[in-house]
Amino acid sequence: MAAAGGGNPSSSRSSRDPRRRPPRDGYGVYVYPNSFFRYEGEWKGGKKHGWGKLLFKDGSYYEGEFVDGEITGEGCRLWASSGNTYSGQFVLGEPQGHGIMKYKAGGHYEGELSHGAREGHGHLVDPDGQAYWGSFHDNKRHGQGHMVFQNGDKYEGNWVQDRRQGHGVLCRADGSTYEGQWHSDVFSGLGNMTHCSGAIYRGMWINGHPVAQAKRIVITGPEVMDVAQGSPFTLSVQLRQDNGEVAKGEDGRVLKISAGVRYVQLPAYSEVSFFKVNKDSQETPIQTPFGFECIAYPLWSPKSGGLEPRAALESAGDLLPPKGELEPALASNTFRGQRDIPGGLPGENSSPSSWGRKPQCPEDCQRVEQGCAQFSDVRLGPPPPGYSPVFFLNDPREKADGRPRGGLGPGRTTPTMQDLPGGSRPDGVATAELAAAAFPGEYVIMIRDVTDPPFLGHTLPTAFKHLRVLGKGMDQRPHVPGEGPESPS
C-alpha cells in the first residue's frame, strides 16, 4: 500500500517535468537540455514523428511534419532574425521542393527550392514590385526568364547569374524594342533597336551603345550650290558616323528642311542692303558655319494648290514698293536677264488664271532609309510678310565704269516699264510674277534632326548648305554686301 502510494507522486512528477526524458510514443512536450529548443507534438520510438511544433528561444519556429526526428515534409517556418516566412516542402530541416517564401522587406517567391535557395523554376516579386518568371540557380535568375520592371519595361530571354546575358528581347514602356545579344545586363553584340520615335538601328552594340551610330548630318554636293531664280532643286542627305562612313544601319530618323537668307545689318544711310525686316517681324539671326548669320526664310514647293489669283496679287502687293516708286525701282538692273521667266513659277501654267499662284508648303520632313534621305523639288518662296525687298538705284560705281551689275545689289540704270517681265500686261500681274520667287542673293539650307523623342537621347547637330540664287540669264553670282571693289570715296 505504501509502495503504491509512493509510486503515484513519482509518476505525476515525471509527466509534469518534460526535461527529464523525451516522450516515447504519442503526443508530448519536451524541452531540450540546452533550453534553446522546445517541441510539442507527436512522438514515435522516442523521436519526433508526425505533426508537431518546434520552437526556438530567439522566437523562430517550425510547424509541420517530422520524420524520424527530422523536419521533413510539409510545414511552415519563421526566421526571427530576418522576419522571413516559408510555407512548403522541407527535407532534413531545409526548404526543398516547392514552396512560398515571403520576405519581411517586401516581395515573395513561389517555386522550386533546394537547400533553402531558389533553384529551378519560379516566380519572384521583389520589394519594388518587379516580377520575374523563369529559371533560377543558386538563388539567382539564371537561364530562360521573363521580367517586368518597375518602370514598365519587359524583358524575355537569357539570364546568367542575375544578369541579362545571351539573346533577349526588351520591350520598353515607351514603345521602343530591342532584340539581340546581351552581356552583363547591357546591349552587347548584334542587335536591332526600334525606337518609339520610329527610328531603327541594326548592327553591333558594345556596352549598351551602337557601334555604327550616326553622329552628324551631311548635305552632299558642292560647297556652294548655285540655283537659278525660281528653279526647284534636290538635296541628298546622308547620316555619317565618326569615321565618315554612311550609317547604313539607321532608318527612320526624321529630318526637317528649312531655309534662311543672309542677314546683313548695315547703317540706315548705307546704299547696300538685301531685305528690310519690319520691327514687328524681327527674326533672331542664326549663326552659320559660313562666317555670316541668316534669318529664317520660307520654302515652297511647285506642287498644286495655293491662293486664288486675286489673293495672290494682294499678297504680292505688300512686298513691293509703292506704285509711284515702282517704275524706277524695277527699272534697275536687279531683274536684268529675267525676261524669259514665265508669268507663273517654272513648270506651272502661265495663263492669266495661274499668274502669281502660291504653291502649297512642301512636306518639309523626310525619314531616313539606310542612312540616306532626299528632299526633291525644293524651292525658295518669295519674301514673307515683314520682309521687304529693297530695290537699289544709281550705283556710283556703275556711273564710273558704265557697266551694269547683276543680282540684287546697289543702283542700276533705269529702263522703262517695257523691260519688265510680262511686257504690256497689267502691272498688278507683272508685280505678282516678280513676287513669286526668291530674289537673287545668298541663302542657307538647314537640315535638322527633329526625331521625337530623340533617338537614344541624342539629337544630331544641324547641317548647313550655302545656296546662291542667280537671276535667270545671269552668269555672275549675286551681289554680296561687303564684297568686291570698295565704293569710291
Quick one: are [X] and [Y] in side-chain contact, heavy atoms under 4.5 Å?
X      : Y      : result
Thr220 : Val237 : no
Cys196 : Pro453 : yes
Gln370 : Asp251 : yes
Val246 : Leu239 : no
Gln130 : Met147 : yes
Met193 : Gln213 : no

Lys/Arg N to Asp/Glu carboxylate O, [X] vs [Y], below 4.0 Å:
X      : Y      : value
Glu250 : Lys248 : no
Asp185 : Arg164 : yes
Asp449 : Arg253 : yes

Ring-ring centroid check [X] [Y], cutoff 6.0 Å:
X      : Y      : result
Tyr297 : Tyr443 : yes
Trp51  : Phe66  : no
Tyr27  : Trp43  : no
Tyr62  : Phe90  : yes
Tyr39  : Phe37  : no
Phe292 : Tyr263 : no

Margin query: Go through it in stages, so that I can follow the logic: the residues are His115 and Glu94, the test is side chain to side chain donor-acceptor pair (under 3.5 Å), and I'd like the CA-CA distance, side-chain angles, deciding distance and then a yes or no.
Written below: CA-CA 5 Å; His115 301 288; Glu94 293 183 323; 3.0 Å; yes
Flag if over 12 foreign heavy atoms under 6.0 Å of [atom1], [X]:
X      : atom1 : result
His183 : NE2   : no
Gln161 : CD    : yes
Gln374 : CD    : yes
Asn207 : CG    : no

Item checked: side-chain contact (heavy atoms from CB on, under 4.5 Å) partners for Val450, two or more places apart -> Val254, Lys256, Cys365, Arg448
Do you know the tightest heavy-atom contact between [X] and [Y]?
X      : Y      : answer
Gly59  : Leu78  : O-CD2, 4.1 Å
Tyr86  : Gln96  : OH-N, 4.2 Å
Met225 : Pro222 : CA-CG, 4.3 Å
Met101 : Trp79  : SD-CZ3, 4.1 Å
Val169 : Trp182 : N-NE1, 4.4 Å
Lys215 : His458 : O-NE2, 4.4 Å

Item checked: Derivation and outcome, salt bridge (charged side-chain N to carboxylate O under 4.0 Å, His left out), residues Arg468 and Asp226 -> CA-CA 5 Å; Arg468 284 199 301 241; Asp226 289 333; 2.9 Å; yes
Next item on the list: Starting from the C-alpha separation in whole Å, work towards a yes-or-no answer on ring pair (Phe, Tyr, Trp, His ring centres under 6.0 Å) for Tyr109 and Phe136.
Entry: CA-CA 11 Å; Tyr109 170 78; Phe136 290 85; 5.2 Å; yes
Would you say [Y] and [X] are linked by a side-chain donor-acceptor pair, where the criterion is simply a distance under 3.5 Å?
X      : Y      : value
Glu110 : His123 : no
Arg240 : Gln238 : yes
His466 : Glu442 : yes
His137 : Glu119 : yes

Check: Is it true that the NZ or CZ of Lys53 lies under 6.0 Å from the centre of Tyr61's six-membered ring and within 45 degrees of the ring axis?
Finding: yes
Next item on the list: Report the C-alpha separation of Arg38 and Glu40 in whole Å, then their side-chain angles, then the decisive distance to 0.1 Å, and conclude whether the salt bridge (charged side-chain N to carboxylate O under 4.0 Å, His left out) test is met.
Entry: CA-CA 7 Å; Arg38 183 180 186 273; Glu40 181 178 348; 3.5 Å; yes
Next item on the list: Could you walk me through whether Phe149 and Tyr155 pass ring pair (Phe, Tyr, Trp, His ring centres under 6.0 Å), step by step?
Entry: CA-CA 8 Å; Phe149 294 87; Tyr155 171 82; 7.4 Å; no
